[in-house]
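Shown next, in structure tokens, is the structure this report addresses.
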Amino acid sequence: MAEELVYKKPRLLTDKDFHFCPGCSHGTIHKVIAEVIDQMGMENSSIGITPVGCSVLAYNYIDIDWVQAAHGRACAVATGIKRLNPSKLVFTYQGDGDLAAIGTGETIHAANRGDNIVVIYVNNAVYGMTGGQMAPTTLLGMKTVTTPNGRDAKLHGYPFKVGEMISQLEGVCYFTRQSVHTAAGVRRARKALRRAFELSMEGRGLSFVEFVGTCSSGWKMSAVEANKWLDENMLPFYPLSAE
Ligand SMILES: Cc1ncc(C[n+]2csc(CCOP(=O)(O)OP(=O)(O)O)c2C)c(N)n1
Ligand code: SF4
């Protein structure tokens, strides 16, 4: 009987060891991106833009062209790059601290203009790189280093559903929310990301691909606990899309 290959390292992932903590979603999301770019044969015509956050070293791991943006500015940089290079696939890869706090303005206006970029948004509900502070996306009641008693709506406002807001804008052709904490989730995420990349190359507008992710270190949990916590707490508030 022929053996069926169920897992292999994507060709476009380099041999560098990830700096991500065990149980972090970033590594699996990198893998999905590398696979989809490879499947589409776009390794020589893709440009990724990473700003600041744990995603900052993506250029070390996925063997395509990358540009480093200042914190929050990825959508503005991506807009310029795409307008000058319309034949390229241009995407950003941003955390929620980056996209939903310091970069809110750039993101909303890129979406409203309908620039043909793909925004990959990794929402782990905290500022991971700086040690697990509250982000705009932190759930109510969630403990972080800056909300030791849990996020309180009266003091800190409500968690920000960026995807739902962005999806209302005329310039946005596709919004999807995915996760990679299960094998089925990884398969759905791969399909959704491919769709976003294809729509972008068809010039249909901005695609917004949200990943609900874990920050095992910021959440102070093991890998297994973080996946369970994501399932039980993040997904009821940030529900996944069917496609
Ligand atoms: C202009 C500026 N302000 C603040 C910082 C500090 N800083 C570095 S990463 C970060 C937040 C990153 O969080 P997020 O975007 O959610 O990404 P994660 O690390 O969780 O993947 C902040 C505030 C900075 N580097 N530059
Ligand atoms: S601090 Fe959080 S987001 Fe950053 S690598 Fe570790 S687990 Fe991932």
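Counting starts at 1 for both ligands and their atoms, in listed order.
Note: an N/O pair closer than 3.5 Å links Asp96 and ligand 1 by distance alone. Ligand 1 has a nitrogen or oxygen under 3.5 angstrom from a nitrogen or oxygen of Asn124. Between Val126 and ligand 1, a contact under 3.5 Å exists for at least one N or O pair. Residue Cys54 has at least one nitrogen or oxygen atom sitting less than 3.5 Å from a nitrogen or oxygen atom of ligand 1, judged on distance alone.
The protein heavy atom nearest to atom 3 (S) of ligand 2 is Asn124 ND2, 3.5 Å. Nearest protein heavy-atom neighbour of atom 14 (P) of ligand 1: Gly97 N, 3.4 Å. Remark: minimum distance from atom 8 (Fe) of ligand 2 to any protein heavy atom is reached at Cys24 SG, 2.3 Å. Distance from atom 12 (C) of ligand 1 to its nearest protein heavy atom, with residue and atom name: Gly53 CA, 3.8 Å. Considering only non-hydrogen protein atoms, atom 1 (S) of ligand 2 sits nearest to Gly128 O, 3.6 Å. With hydrogens left out, the protein atom closest to atom 15 (O) of ligand 1 is Asp98 N, 2.7 Å, a heavy atom. In terms of protein heavy-atom proximity, atom 2 (Fe) of ligand 2 is closest to Cys215 SG, 2.3 Å. For atom 13 (O) of ligand 1, the nearest protein heavy atom (residue, atom name, distance) is Tyr127 CA, 3.5 Å.
Every atom of ligand 1 is numbered from 1 in the order shown, and the set under 4.0 Å from a heavy atom of Val52 is 8 (C), 9 (S), 25 (N). Short contacts between ligand 1 and Gly128, defined as distances under 4.0 Å to a heavy atom of the residue, involve ligand atoms 13 (O), 18 (P), 19 (O), 20 (O).
Counting heavy atoms under 4.0 Å from ligand 2, residue Thr214 does not touch it at all. At a 4.0 Å heavy-atom cut-off, ligand 2 touches Cys21 through backbone and side chain alike.
Under the 4.0 angstrom criterion for non-hydrogen atoms, Thr130 is in contact with ligand 1. Using a non-hydrogen distance threshold of 4.0 Å, His26 registers as a contact of ligand 1.
For His26 and Tyr93, the gap between ring centers is short of 6.0 Å. In this structure, the ring of Tyr121 has its center no less than 6.0 angstrom from the ring center of Phe211.
For the pair Arg177 and Tyr238, the cation-pi criterion (under 6.0 Å, within 45° of the ring axis) is not fulfilled.
Taking 2.8 Å as the criterion, His26 does not count as a coordinating residue of atom 2 (Fe) of ligand 2, since none of its N, O or S atoms falls below it.
In the displayed structure, Glu170 atom CD is contacted under 6.0 Å by at most 12 heavy atoms of other residues, nucleotides or ligands. By the neighbour-count criterion of 12 heavy atoms within 6.0 Å, atom NZ of Lys161 is densely surrounded, having more than that number from other residues, nucleotides or ligands.
Minimum heavy-atom separation, Lys82 to Lys88: NZ-O, 2.6 Å. Between Asp98 and Gly72, the closest heavy-atom pair is OD1-N, 2.6 Å. Considering all non-hydrogen atoms of both residues, Leu240 and Val212 come closest at CD2-CG2, 4.2 Å.
No side-chain heavy atom of Trp229 sits under 4.5 Å from any side-chain heavy atom of His181.
Under a 4.0 Å N-O distance rule, the pair Lys9/Asp15 qualifies as a salt bridge.
With hydrophobic clusters built from ILVMFWY side chains whose heavy atoms lie under 4.5 angstrom apart, Val186 shares a cluster with Phe197. Note on Ile120 and Phe208: separate hydrophobic clusters, where clusters join Ile, Leu, Val, Met, Phe, Trp and Tyr whose side-chain heavy atoms are under 4.5 Å apart, directly or indirectly.
Across His71, Met129, Arg73, heavy-atom proximity to atom 23 (C) of ligand 1 is greatest for His71. Considering only non-hydrogen atoms, atom 4 (Fe) of ligand 2 lies nearest to Cys54 out of Ala223, Cys54, Ala226, Gly53.
A donor atom on one side chain and an acceptor atom on the other are found under 3.5 Å apart for Thr147 and Thr144.
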